[in-house]
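Worksheet for the structure shown next.
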Amino acid sequence: MSQNKKIPMRPVSIIGVGCTPFGKSDSSIIDLAIQSSVEAINSANVKYDDIQSIYLGNFVGERLANQGSLGAMLADRLDISDIPATKTEGACASGGIAFRHAFLTIALGLYDFVLATGVEKMTSSSTPDVTAALATAGDMEMEMYAGLTFPGAFAMIMASHMQKYGTTREQIASVSVKNHRNGTNNPNAMFQKEINVEDVITSREISEPIRLFDCPPISDGAASVLLCPTEIAKNFVNNPVNILGSGHASGPISLSGMNDLTSFSATAIAANEAYAMSGLRAEDIDVIEVHDCFSIAEIIALEDLGFFNKGEGGPATESGITALNGKYPTNPSGGLIAKGHPVGATGIAQIYELTKQLQGLSTNQTNDPETALAHNLGGIGALSTVHILGKTNGTK
Amino acid sequence: MEPNNIQAYQCNICKKLFLPPKTICSTCKNTETTKISLSGHGKVMTSTVVHIPPNYSRKDPPYTVILVKLDEGIPVMGQLHNSSVESLIGTNVSLKKINEDGIYLFDLA
Ligand SMILES: [Zn+2]
(Lines give C-alpha, C1' and ligand atoms only; values in the text may rest on other atoms or scores of the structure.)
Protein backbone atom coordinates (compact mmCIF):
# COMPACT_ATOMS: atom_id res chain seq x y z
CA MET A 1 0.00 0.00 0.00
CA SER A 2 1.02 3.59 -0.50
CA GLN A 3 1.51 4.44 3.16
CA ASN A 4 4.95 3.49 4.44
CA LYS A 5 4.40 3.01 8.15
CA LYS A 6 8.12 3.24 8.90
CA ILE A 7 8.24 6.94 8.08
CA PRO A 8 7.07 8.97 11.08
CA MET A 9 4.34 11.45 10.18
CA ARG A 10 3.62 14.51 12.27
CA PRO A 11 0.04 15.64 12.92
CA VAL A 12 -1.28 18.34 10.55
CA SER A 13 -4.07 20.87 11.09
CA ILE A 14 -6.25 23.17 9.02
CA ILE A 15 -5.88 26.75 10.23
CA GLY A 16 -7.55 28.66 7.40
CA VAL A 17 -10.29 28.07 4.83
CA GLY A 18 -11.84 30.09 2.03
CA CYS A 19 -14.55 29.53 -0.57
CA THR A 20 -16.09 31.69 -3.29
CA PRO A 21 -19.80 31.53 -4.06
CA PHE A 22 -20.42 28.73 -6.59
CA GLY A 23 -22.37 29.64 -9.71
CA LYS A 24 -21.95 31.88 -12.71
CA SER A 25 -19.13 34.32 -11.99
CA ASP A 26 -17.78 37.32 -13.89
CA SER A 27 -14.31 36.68 -12.42
CA SER A 28 -11.53 34.98 -14.39
CA ILE A 29 -10.24 31.56 -13.32
CA ILE A 30 -7.17 33.08 -11.63
CA ASP A 31 -9.23 35.75 -9.86
CA LEU A 32 -11.46 33.03 -8.42
CA ALA A 33 -8.38 31.16 -7.16
CA ILE A 34 -6.96 34.36 -5.63
CA GLN A 35 -10.25 35.17 -3.91
CA SER A 36 -10.51 31.87 -1.99
CA SER A 37 -6.74 31.77 -1.33
CA VAL A 38 -6.70 35.23 0.25
CA GLU A 39 -9.67 34.31 2.44
CA ALA A 40 -7.88 31.14 3.64
CA ILE A 41 -4.56 32.91 4.27
CA ASN A 42 -6.16 35.80 6.13
CA SER A 43 -8.35 33.56 8.27
CA ALA A 44 -5.21 31.57 9.23
CA ASN A 45 -3.45 34.73 10.45
CA VAL A 46 -0.23 33.74 8.66
CA LYS A 47 1.97 36.06 6.62
CA TYR A 48 2.13 35.46 2.87
CA ASP A 49 5.90 35.02 3.09
CA ASP A 50 5.42 32.14 5.56
CA ILE A 51 3.79 29.98 2.85
CA GLN A 52 6.35 27.51 1.47
CA SER A 53 4.41 25.62 -1.19
CA ILE A 54 1.15 25.68 -3.14
CA TYR A 55 -0.90 22.79 -4.57
CA LEU A 56 -3.56 23.82 -7.05
CA GLY A 57 -6.28 21.40 -8.13
CA ASN A 58 -7.75 21.99 -11.60
CA PHE A 59 -9.16 19.72 -14.32
CA VAL A 60 -10.06 21.57 -17.51
CA GLY A 61 -8.56 25.07 -17.13
CA GLU A 62 -6.56 24.86 -20.35
CA ARG A 63 -9.55 23.68 -22.30
CA LEU A 64 -12.48 25.74 -20.93
CA ALA A 65 -10.74 28.80 -19.44
CA ASN A 66 -7.87 28.83 -21.93
CA GLN A 67 -5.27 29.22 -19.16
CA GLY A 68 -2.43 26.93 -18.10
CA SER A 69 0.38 27.41 -15.54
CA LEU A 70 -2.24 28.03 -12.86
CA GLY A 71 -0.03 26.99 -9.95
CA ALA A 72 2.80 29.40 -10.70
CA MET A 73 0.28 32.04 -11.76
CA LEU A 74 -1.42 31.89 -8.36
CA ALA A 75 1.94 32.14 -6.55
CA ASP A 76 2.86 35.14 -8.70
CA ARG A 77 -0.44 36.95 -8.15
CA LEU A 78 -0.17 36.35 -4.39
CA ASP A 79 3.34 37.86 -4.66
CA ILE A 80 5.02 34.72 -3.26
CA SER A 81 6.43 33.64 -6.60
CA ASP A 82 9.69 32.09 -5.38
CA ILE A 83 8.01 29.02 -3.87
CA PRO A 84 7.13 25.77 -5.64
CA ALA A 85 3.57 25.63 -6.94
CA THR A 86 2.21 22.38 -8.35
CA LYS A 87 -0.97 21.81 -10.31
CA THR A 88 -2.69 18.48 -9.63
CA GLU A 89 -5.08 16.84 -12.09
CA GLY A 90 -7.32 13.91 -11.30
CA ALA A 91 -10.54 14.85 -13.10
CA CYS A 92 -13.22 15.72 -10.50
CA ALA A 93 -10.84 14.71 -7.67
CA SER A 94 -8.14 17.24 -8.65
CA GLY A 95 -8.87 19.23 -5.47
CA GLY A 96 -8.70 16.19 -3.22
CA ILE A 97 -5.25 15.36 -4.59
CA ALA A 98 -4.05 18.95 -3.98
CA PHE A 99 -5.27 18.74 -0.38
CA ARG A 100 -3.60 15.36 0.18
CA HIS A 101 -0.25 16.57 -1.12
CA ALA A 102 -0.39 19.69 1.02
CA PHE A 103 -1.06 17.40 3.99
CA LEU A 104 1.70 14.91 3.10
CA THR A 105 4.43 17.48 2.58
CA ILE A 106 3.79 18.90 6.06
CA ALA A 107 3.27 15.48 7.69
CA LEU A 108 6.62 14.31 6.29
CA GLY A 109 8.40 17.41 7.59
CA LEU A 110 9.19 19.10 4.27
CA TYR A 111 7.19 22.29 4.92
CA ASP A 112 5.34 24.03 7.76
CA PHE A 113 2.83 26.15 5.82
CA VAL A 114 1.18 24.96 2.61
CA LEU A 115 -1.77 26.39 0.67
CA ALA A 116 -4.12 24.09 -1.25
CA THR A 117 -6.54 25.71 -3.68
CA GLY A 118 -8.99 24.17 -6.14
CA VAL A 119 -10.57 26.12 -8.99
CA GLU A 120 -12.65 25.73 -12.15
CA LYS A 121 -14.23 28.16 -14.60
CA MET A 122 -16.92 26.47 -16.71
CA THR A 123 -19.91 28.73 -17.37
CA SER A 124 -18.29 30.71 -20.19
CA SER A 125 -18.32 27.54 -22.35
CA SER A 126 -21.26 25.97 -24.18
CA THR A 127 -22.89 22.86 -22.73
CA PRO A 128 -21.61 20.62 -25.59
CA ASP A 129 -18.06 21.92 -24.98
CA VAL A 130 -18.34 21.28 -21.22
CA THR A 131 -19.83 17.83 -21.90
CA ALA A 132 -16.93 16.98 -24.21
CA ALA A 133 -14.33 18.30 -21.74
CA LEU A 134 -15.76 16.30 -18.82
CA ALA A 135 -15.93 13.15 -20.96
CA THR A 136 -12.12 13.14 -21.14
CA ALA A 137 -12.21 11.80 -17.57
CA GLY A 138 -13.23 8.52 -19.20
CA ASP A 139 -11.47 6.37 -21.80
CA MET A 140 -12.19 8.34 -24.98
CA GLU A 141 -11.02 5.81 -27.53
CA MET A 142 -12.46 2.66 -26.00
CA GLU A 143 -15.72 3.99 -24.57
CA MET A 144 -16.66 7.66 -24.88
CA TYR A 145 -16.38 7.84 -28.69
CA ALA A 146 -19.18 5.26 -28.82
CA GLY A 147 -21.40 8.31 -28.14
CA LEU A 148 -21.16 8.03 -24.37
CA THR A 149 -21.14 11.10 -22.11
CA PHE A 150 -20.09 11.46 -18.46
CA PRO A 151 -23.77 11.49 -17.33
CA GLY A 152 -24.32 8.54 -19.68
CA ALA A 153 -21.64 6.50 -17.91
CA PHE A 154 -23.25 7.16 -14.52
CA ALA A 155 -26.67 6.41 -16.03
CA MET A 156 -25.33 2.96 -16.94
CA ILE A 157 -24.10 2.55 -13.36
CA MET A 158 -27.48 3.73 -12.03
CA ALA A 159 -29.32 1.19 -14.21
CA SER A 160 -27.01 -1.53 -12.86
CA HIS A 161 -27.63 -0.54 -9.22
CA MET A 162 -31.41 -0.51 -9.78
CA GLN A 163 -31.25 -3.93 -11.48
CA LYS A 164 -28.91 -5.58 -8.97
CA TYR A 165 -30.36 -4.25 -5.70
CA GLY A 166 -33.86 -3.11 -6.57
CA THR A 167 -32.92 0.48 -5.76
CA THR A 168 -35.90 2.58 -6.82
CA ARG A 169 -36.08 5.73 -8.93
CA GLU A 170 -37.68 7.49 -5.93
CA GLN A 171 -34.88 6.45 -3.53
CA ILE A 172 -32.27 7.84 -5.91
CA ALA A 173 -34.27 11.05 -6.37
CA SER A 174 -34.39 11.46 -2.58
CA VAL A 175 -30.62 12.17 -2.63
CA SER A 176 -31.22 15.18 -4.82
CA VAL A 177 -34.22 16.33 -2.73
CA LYS A 178 -32.13 16.18 0.48
CA ASN A 179 -29.16 17.97 -1.05
CA HIS A 180 -31.33 20.75 -2.49
CA ARG A 181 -32.90 21.15 0.97
CA ASN A 182 -29.40 21.44 2.50
CA GLY A 183 -28.42 23.94 -0.20
CA THR A 184 -31.14 26.35 0.93
CA ASN A 185 -29.00 27.11 4.00
CA ASN A 186 -25.70 27.54 2.16
CA PRO A 187 -25.22 31.11 0.90
CA ASN A 188 -22.42 29.89 -1.40
CA ALA A 189 -24.67 27.30 -3.11
CA MET A 190 -25.75 27.80 -6.71
CA PHE A 191 -29.22 26.31 -6.03
CA GLN A 192 -30.99 27.46 -2.87
CA LYS A 193 -34.49 26.20 -3.57
CA GLU A 194 -36.26 23.05 -2.37
CA ILE A 195 -37.48 20.47 -4.88
CA ASN A 196 -39.47 17.25 -4.46
CA VAL A 197 -39.13 13.70 -5.77
CA GLU A 198 -41.65 14.38 -8.55
CA ASP A 199 -39.58 17.36 -9.74
CA VAL A 200 -36.52 15.10 -10.08
CA ILE A 201 -38.12 12.19 -11.92
CA THR A 202 -40.01 14.44 -14.36
CA SER A 203 -37.12 16.82 -15.06
CA ARG A 204 -35.47 16.95 -18.47
CA GLU A 205 -33.97 13.70 -19.78
CA ILE A 206 -30.17 13.88 -19.92
CA SER A 207 -29.17 10.23 -20.36
CA GLU A 208 -31.82 7.78 -19.16
CA PRO A 209 -32.29 6.99 -16.34
CA ILE A 210 -30.43 10.19 -15.30
CA ARG A 211 -32.51 13.37 -15.41
CA LEU A 212 -31.49 17.01 -15.04
CA PHE A 213 -32.08 17.19 -11.26
CA ASP A 214 -29.91 14.10 -10.72
CA CYS A 215 -26.97 16.24 -11.92
CA PRO A 216 -24.93 19.12 -10.47
CA PRO A 217 -25.06 22.43 -12.34
CA ILE A 218 -22.16 23.65 -14.49
CA SER A 219 -20.50 26.26 -12.31
CA ASP A 220 -17.53 28.49 -11.54
CA GLY A 221 -15.81 28.62 -8.17
CA ALA A 222 -12.75 28.15 -6.00
CA ALA A 223 -11.94 26.90 -2.51
CA SER A 224 -8.76 27.00 -0.42
CA VAL A 225 -7.27 25.69 2.80
CA LEU A 226 -4.10 26.58 4.68
CA LEU A 227 -2.35 23.81 6.63
CA CYS A 228 0.40 23.70 9.26
CA PRO A 229 1.75 21.23 11.86
CA THR A 230 -0.74 20.65 14.69
CA GLU A 231 1.89 21.51 17.33
CA ILE A 232 1.95 25.16 16.23
CA ALA A 233 -1.64 25.49 14.92
CA LYS A 234 -2.98 27.14 18.06
CA ASN A 235 -0.39 29.90 17.75
CA PHE A 236 -2.46 31.13 14.80
CA VAL A 237 -6.10 30.30 15.48
CA ASN A 238 -8.01 29.02 18.52
CA ASN A 239 -10.08 26.45 16.59
CA PRO A 240 -7.83 24.50 14.21
CA VAL A 241 -9.20 21.27 12.72
CA ASN A 242 -6.99 18.20 12.68
CA ILE A 243 -6.41 15.91 9.70
CA LEU A 244 -6.70 12.41 11.16
CA GLY A 245 -6.49 10.31 8.02
CA SER A 246 -5.78 10.53 4.31
CA GLY A 247 -6.26 8.01 1.50
CA HIS A 248 -5.81 8.08 -2.27
CA ALA A 249 -6.24 5.25 -4.76
CA SER A 250 -6.69 4.64 -8.47
CA GLY A 251 -9.28 2.37 -10.05
CA PRO A 252 -10.31 1.36 -13.58
CA ILE A 253 -10.84 4.40 -15.81
CA SER A 254 -13.59 2.69 -17.82
CA LEU A 255 -16.84 0.85 -17.20
CA SER A 256 -15.50 -2.19 -19.02
CA GLY A 257 -12.66 -2.39 -16.49
CA MET A 258 -14.97 -2.48 -13.45
CA ASN A 259 -15.45 -5.84 -11.72
CA ASP A 260 -18.79 -4.61 -10.35
CA LEU A 261 -20.79 -1.86 -12.10
CA THR A 262 -22.29 -0.76 -8.76
CA SER A 263 -19.10 -0.03 -6.83
CA PHE A 264 -15.93 2.07 -7.21
CA SER A 265 -12.94 0.13 -5.91
CA ALA A 266 -10.81 3.31 -5.59
CA THR A 267 -13.23 4.69 -2.98
CA ALA A 268 -13.05 1.59 -0.80
CA ILE A 269 -9.24 1.39 -1.00
CA ALA A 270 -8.75 5.11 -0.26
CA ALA A 271 -11.23 4.85 2.63
CA ASN A 272 -9.38 1.89 4.12
CA GLU A 273 -6.14 3.86 4.06
CA ALA A 274 -7.76 6.88 5.72
CA TYR A 275 -9.60 4.76 8.32
CA ALA A 276 -6.39 2.89 9.21
CA MET A 277 -4.42 6.13 9.60
CA SER A 278 -7.10 7.69 11.82
CA GLY A 279 -7.95 4.60 13.85
CA LEU A 280 -11.61 5.37 13.17
CA ARG A 281 -14.32 3.38 11.39
CA ALA A 282 -17.37 4.50 9.44
CA GLU A 283 -19.60 4.27 12.53
CA ASP A 284 -17.33 6.79 14.33
CA ILE A 285 -17.95 9.54 11.74
CA ASP A 286 -20.37 12.35 12.68
CA VAL A 287 -20.71 14.36 9.45
CA ILE A 288 -19.94 13.49 5.83
CA GLU A 289 -19.34 15.21 2.48
CA VAL A 290 -19.39 12.76 -0.44
CA HIS A 291 -18.93 13.19 -4.17
CA ASP A 292 -22.53 13.32 -5.44
CA CYS A 293 -21.59 14.08 -9.06
CA PHE A 294 -24.94 12.38 -9.75
CA SER A 295 -27.59 11.33 -7.23
CA ILE A 296 -26.71 7.63 -7.66
CA ALA A 297 -23.05 8.46 -6.92
CA GLU A 298 -23.92 9.51 -3.35
CA ILE A 299 -25.63 6.18 -2.69
CA ILE A 300 -22.69 4.22 -4.10
CA ALA A 301 -20.16 6.36 -2.18
CA LEU A 302 -21.92 5.79 1.15
CA GLU A 303 -21.91 2.04 0.47
CA ASP A 304 -18.27 1.93 -0.67
CA LEU A 305 -17.22 4.00 2.38
CA GLY A 306 -18.82 1.43 4.70
CA PHE A 307 -21.71 3.52 6.05
CA PHE A 308 -24.22 1.06 4.55
CA ASN A 309 -24.06 -2.45 3.15
CA LYS A 310 -24.22 -2.74 -0.64
CA GLY A 311 -27.77 -2.14 -1.80
CA GLU A 312 -28.88 -0.44 1.42
CA GLY A 313 -27.87 3.12 0.44
CA GLY A 314 -31.12 3.85 -1.40
CA PRO A 315 -33.54 2.78 1.35
CA ALA A 316 -31.32 4.46 3.98
CA THR A 317 -31.41 7.76 2.12
CA GLU A 318 -35.18 7.60 1.64
CA SER A 319 -35.66 6.93 5.36
CA GLY A 320 -33.73 10.07 6.37
CA ILE A 321 -30.56 8.53 7.88
CA THR A 322 -28.43 10.88 5.77
CA ALA A 323 -30.52 13.99 6.49
CA LEU A 324 -29.11 16.84 8.58
CA ASN A 325 -30.62 15.40 11.79
CA GLY A 326 -30.01 11.73 10.85
CA LYS A 327 -27.34 9.32 12.10
CA TYR A 328 -25.05 10.04 9.12
CA PRO A 329 -25.71 13.62 7.97
CA THR A 330 -24.39 13.72 4.40
CA ASN A 331 -23.62 16.74 2.24
CA PRO A 332 -24.82 19.47 4.63
CA SER A 333 -23.31 21.93 2.12
CA GLY A 334 -25.88 20.84 -0.47
CA GLY A 335 -23.28 18.61 -2.12
CA LEU A 336 -22.25 18.99 -5.72
CA ILE A 337 -25.91 18.74 -6.80
CA ALA A 338 -27.13 21.90 -5.04
CA LYS A 339 -23.91 23.75 -4.26
CA GLY A 340 -22.50 23.41 -7.77
CA HIS A 341 -19.53 21.47 -9.14
CA PRO A 342 -16.66 23.66 -10.34
CA VAL A 343 -14.75 20.44 -10.85
CA GLY A 344 -11.26 21.31 -9.56
CA ALA A 345 -12.67 23.19 -6.55
CA THR A 346 -15.02 20.48 -5.30
CA GLY A 347 -12.58 18.39 -3.22
CA ILE A 348 -11.41 21.44 -1.29
CA ALA A 349 -14.92 22.91 -0.94
CA GLN A 350 -15.82 19.68 0.89
CA ILE A 351 -12.96 20.33 3.36
CA TYR A 352 -14.18 23.94 3.73
CA GLU A 353 -17.66 22.77 4.77
CA LEU A 354 -16.39 20.07 7.15
CA THR A 355 -13.93 22.48 8.80
CA LYS A 356 -16.82 24.88 9.46
CA GLN A 357 -18.91 21.95 10.77
CA LEU A 358 -16.19 20.89 13.24
CA GLN A 359 -15.75 24.51 14.35
CA GLY A 360 -19.51 24.80 14.91
CA LEU A 361 -19.63 27.61 12.33
CA SER A 362 -21.47 26.06 9.36
CA THR A 363 -24.54 27.82 8.00
CA ASN A 364 -26.14 24.35 8.02
CA GLN A 365 -24.71 23.13 11.32
CA THR A 366 -25.11 19.50 12.41
CA ASN A 367 -25.30 18.56 16.08
CA ASP A 368 -21.83 19.15 17.62
CA PRO A 369 -19.79 16.84 15.35
CA GLU A 370 -16.33 15.71 16.49
CA THR A 371 -15.31 13.76 13.37
CA ALA A 372 -15.90 14.27 9.65
CA LEU A 373 -15.18 12.45 6.37
CA ALA A 374 -14.65 13.94 2.88
CA HIS A 375 -14.88 11.75 -0.23
CA ASN A 376 -13.79 13.02 -3.66
CA LEU A 377 -14.20 10.87 -6.80
CA GLY A 378 -12.39 11.40 -10.11
CA GLY A 379 -13.87 10.36 -13.44
CA ILE A 380 -15.93 7.18 -13.57
CA GLY A 381 -14.16 5.86 -10.48
CA ALA A 382 -10.68 6.31 -11.96
CA LEU A 383 -9.47 7.66 -8.63
CA SER A 384 -10.64 8.70 -5.22
CA THR A 385 -9.36 10.59 -2.22
CA VAL A 386 -10.78 10.22 1.30
CA HIS A 387 -9.93 12.45 4.26
CA ILE A 388 -10.96 12.20 7.89
CA LEU A 389 -10.96 15.32 10.05
CA GLY A 390 -11.31 15.80 13.80
CA LYS A 391 -12.31 18.63 16.08
CA THR A 392 -9.59 20.03 18.34
CA ASN A 393 -9.86 18.54 21.85
CA GLY A 394 -12.38 16.05 20.56
CA THR A 395 -12.99 13.08 22.79
CA LYS A 396 -12.97 10.52 19.95
CA MET B 1 -10.21 -0.65 -44.42
CA GLU B 2 -11.95 -1.34 -41.08
CA PRO B 3 -12.57 -5.04 -40.42
CA ASN B 4 -16.22 -5.96 -40.01
CA ASN B 5 -15.74 -7.83 -36.78
CA ILE B 6 -14.41 -6.89 -33.35
CA GLN B 7 -10.67 -7.34 -33.02
CA ALA B 8 -9.07 -8.18 -29.69
CA TYR B 9 -5.57 -9.10 -28.55
CA GLN B 10 -4.59 -12.45 -27.09
CA CYS B 11 -1.54 -13.22 -24.96
CA ASN B 12 0.60 -15.73 -26.83
CA ILE B 13 1.43 -17.62 -23.66
CA CYS B 14 -1.63 -17.74 -21.36
CA LYS B 15 -4.23 -16.96 -24.09
CA LYS B 16 -5.84 -14.17 -22.03
CA LEU B 17 -7.87 -11.70 -24.16
CA PHE B 18 -7.48 -7.93 -24.04
CA LEU B 19 -9.45 -5.01 -25.36
CA PRO B 20 -8.02 -2.33 -25.39
CA PRO B 21 -4.62 -3.75 -26.36
CA LYS B 22 -2.18 -3.88 -23.47
CA THR B 23 1.57 -3.94 -23.86
CA ILE B 24 1.95 -6.38 -20.99
CA CYS B 25 -0.28 -9.35 -20.14
CA SER B 26 -1.70 -8.64 -16.67
CA THR B 27 -1.53 -12.35 -15.83
CA CYS B 28 1.87 -13.55 -17.02
CA LYS B 29 3.64 -10.22 -17.90
CA ASN B 30 4.34 -11.50 -21.41
CA THR B 31 4.56 -8.78 -24.08
CA GLU B 32 3.80 -10.91 -27.16
CA THR B 33 0.19 -10.75 -28.34
CA THR B 34 -1.75 -11.79 -31.43
CA LYS B 35 -4.73 -9.98 -32.96
CA ILE B 36 -7.82 -12.17 -33.16
CA SER B 37 -11.42 -11.69 -34.34
CA LEU B 38 -14.33 -12.12 -31.93
CA SER B 39 -17.78 -13.58 -32.63
CA GLY B 40 -19.69 -10.32 -32.01
CA HIS B 41 -22.30 -12.15 -29.91
CA GLY B 42 -22.92 -11.16 -26.31
CA LYS B 43 -25.22 -9.98 -23.54
CA VAL B 44 -26.02 -6.39 -22.51
CA MET B 45 -24.43 -5.61 -19.12
CA THR B 46 -26.00 -2.15 -18.89
CA SER B 47 -27.35 0.58 -21.14
CA THR B 48 -28.42 4.22 -21.35
CA VAL B 49 -30.50 6.30 -23.75
CA VAL B 50 -28.50 9.45 -24.52
CA HIS B 51 -30.68 12.56 -24.95
CA ILE B 52 -27.97 15.23 -24.65
CA PRO B 53 -25.14 14.07 -26.93
CA PRO B 54 -21.51 15.20 -26.78
CA ASN B 55 -20.05 17.29 -29.61
CA TYR B 56 -17.94 14.29 -30.73
CA SER B 57 -21.06 12.26 -31.60
CA ARG B 58 -22.60 12.47 -35.07
CA LYS B 59 -25.73 10.54 -34.12
CA ASP B 60 -29.05 12.34 -33.64
CA PRO B 61 -30.44 11.80 -30.12
CA PRO B 62 -31.98 9.89 -28.57
CA TYR B 63 -29.78 6.86 -29.14
CA THR B 64 -28.93 3.85 -26.99
CA VAL B 65 -25.39 3.13 -25.79
CA ILE B 66 -24.82 -0.41 -24.53
CA LEU B 67 -22.03 -2.14 -22.64
CA VAL B 68 -21.90 -5.67 -24.03
CA LYS B 69 -20.13 -8.64 -22.49
CA LEU B 70 -19.09 -10.65 -25.53
CA ASP B 71 -19.29 -14.44 -25.43
CA GLU B 72 -15.48 -14.51 -25.24
CA GLY B 73 -15.73 -12.67 -21.89
CA ILE B 74 -14.66 -9.18 -22.98
CA PRO B 75 -16.84 -6.10 -22.34
CA VAL B 76 -17.15 -3.57 -25.21
CA MET B 77 -19.02 -0.27 -25.53
CA GLY B 78 -21.30 0.10 -28.55
CA GLN B 79 -24.68 1.30 -29.72
CA LEU B 80 -27.97 -0.38 -30.43
CA HIS B 81 -28.28 -0.24 -34.23
CA ASN B 82 -31.77 0.99 -34.97
CA SER B 83 -33.81 1.54 -31.85
CA SER B 84 -33.74 3.29 -28.50
CA VAL B 85 -35.01 0.62 -26.13
CA GLU B 86 -34.77 0.92 -22.34
CA SER B 87 -34.19 -1.85 -19.77
CA LEU B 88 -31.86 -3.89 -21.94
CA ILE B 89 -29.83 -5.51 -19.16
CA GLY B 90 -29.41 -9.23 -19.87
CA THR B 91 -30.61 -9.00 -23.48
CA ASN B 92 -28.71 -10.96 -26.15
CA VAL B 93 -27.24 -8.87 -28.97
CA SER B 94 -25.03 -9.48 -31.97
CA LEU B 95 -22.80 -7.18 -33.98
CA LYS B 96 -24.51 -5.74 -37.06
CA LYS B 97 -21.57 -3.69 -38.31
CA ILE B 98 -18.79 -1.31 -37.37
CA ASN B 99 -19.74 2.12 -38.68
CA GLU B 100 -17.50 4.72 -40.36
CA ASP B 101 -16.67 6.24 -36.94
CA GLY B 102 -15.47 2.85 -35.67
CA ILE B 103 -18.52 2.44 -33.41
CA TYR B 104 -19.77 -1.12 -32.80
CA LEU B 105 -23.46 -1.28 -33.81
CA PHE B 106 -25.44 -4.18 -32.34
CA ASP B 107 -28.85 -5.65 -33.14
CA LEU B 108 -31.10 -7.46 -30.70
CA ALA B 109 -30.29 -11.15 -31.20
ZN1 LIG C 1 -0.49 -13.96 -20.50
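Reckoned from all heavy atoms, side chains included, excluding hydrogens, waters and symmetry mates. Each chain gets a letter, A, B and so on, in the order the sequences are listed, and its residues count up from 1.
Looking at A/I206, the atoms closer than 4.5 Å to chain B (heavy atoms on both sides) sit in the backbone and in the side chain alike. Proximity to chain B (any heavy atom under 4.5 Å) is shown, for A/M144, by both the backbone and the side chain. For chain B, the nearby part of A/Q163 is the side chain; its heavy atoms alone come within less than 4.5 Å. Heavy-atom distances place the backbone of B/P53, and not its side chain, under 4.5 Å from chain A. Contacts of B/I66 with chain A are made by backbone atoms alone, with heavy-atom separations under 4.5 Å and no side-chain atom involved. Residue B/I52 touches chain A through both its backbone and its side chain, counting heavy-atom pairs closer than 4.5 Å.
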(request) List the steps and the verdict of salt bridge (charged side-chain N to carboxylate O under 4.0 Å, His left out) for A/K164 and A/D260. (result) CA-CA 10 Å; A/K164 184 168 180 181; A/D260 176 351; 3.3 Å; yes

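Panel note: side chain B/Q79, backbone A/A146; a donor-acceptor pair is recorded below 3.5 Å.
Aromatic ring centroids of A/F264 and A/F154 lie under 6.0 Å apart.
With chain B as the partner, the residue from A/T131, A/L134, A/V130, A/L148 showing the most heavy-atom pairs under 4.5 Å is A/L148. Here B/T48 is the residue among B/L105, B/T48, B/N55 with the most heavy-atom pairs under 4.5 Å with chain A. Highest contact tally toward chain B, considering only A/T149, A/I210, A/T127, A/I157, is held by A/T149 [criterion: heavy-atom pairs under 4.5 Å]. Of the listed residues A/G152, A/P151, A/P209, the one with more heavy-atom pairs under 4.5 angstrom with chain B than any other is A/G152.
A salt bridge links A/D304 with A/K310: the closest approach of a Lys/Arg side-chain nitrogen to an acidic carboxylate oxygen falls below 4.0 angstrom. Look at B/R58 and B/D101 and you find a salt bridge, because one of the NZ, NE, NH1 or NH2 atoms lies within 4.0 Å of a carboxylate O, short of that distance.
A/T346 pairs with exactly one of A/H291, A/H341, A/K339, A/E120 by the side-chain hydrogen bond (donor to acceptor under 3.5 Å, both in side chains) rule, that one being A/H341.
Donor-acceptor pairing under 3.5 Å is recorded for the side chains of A/S295 and A/D214.
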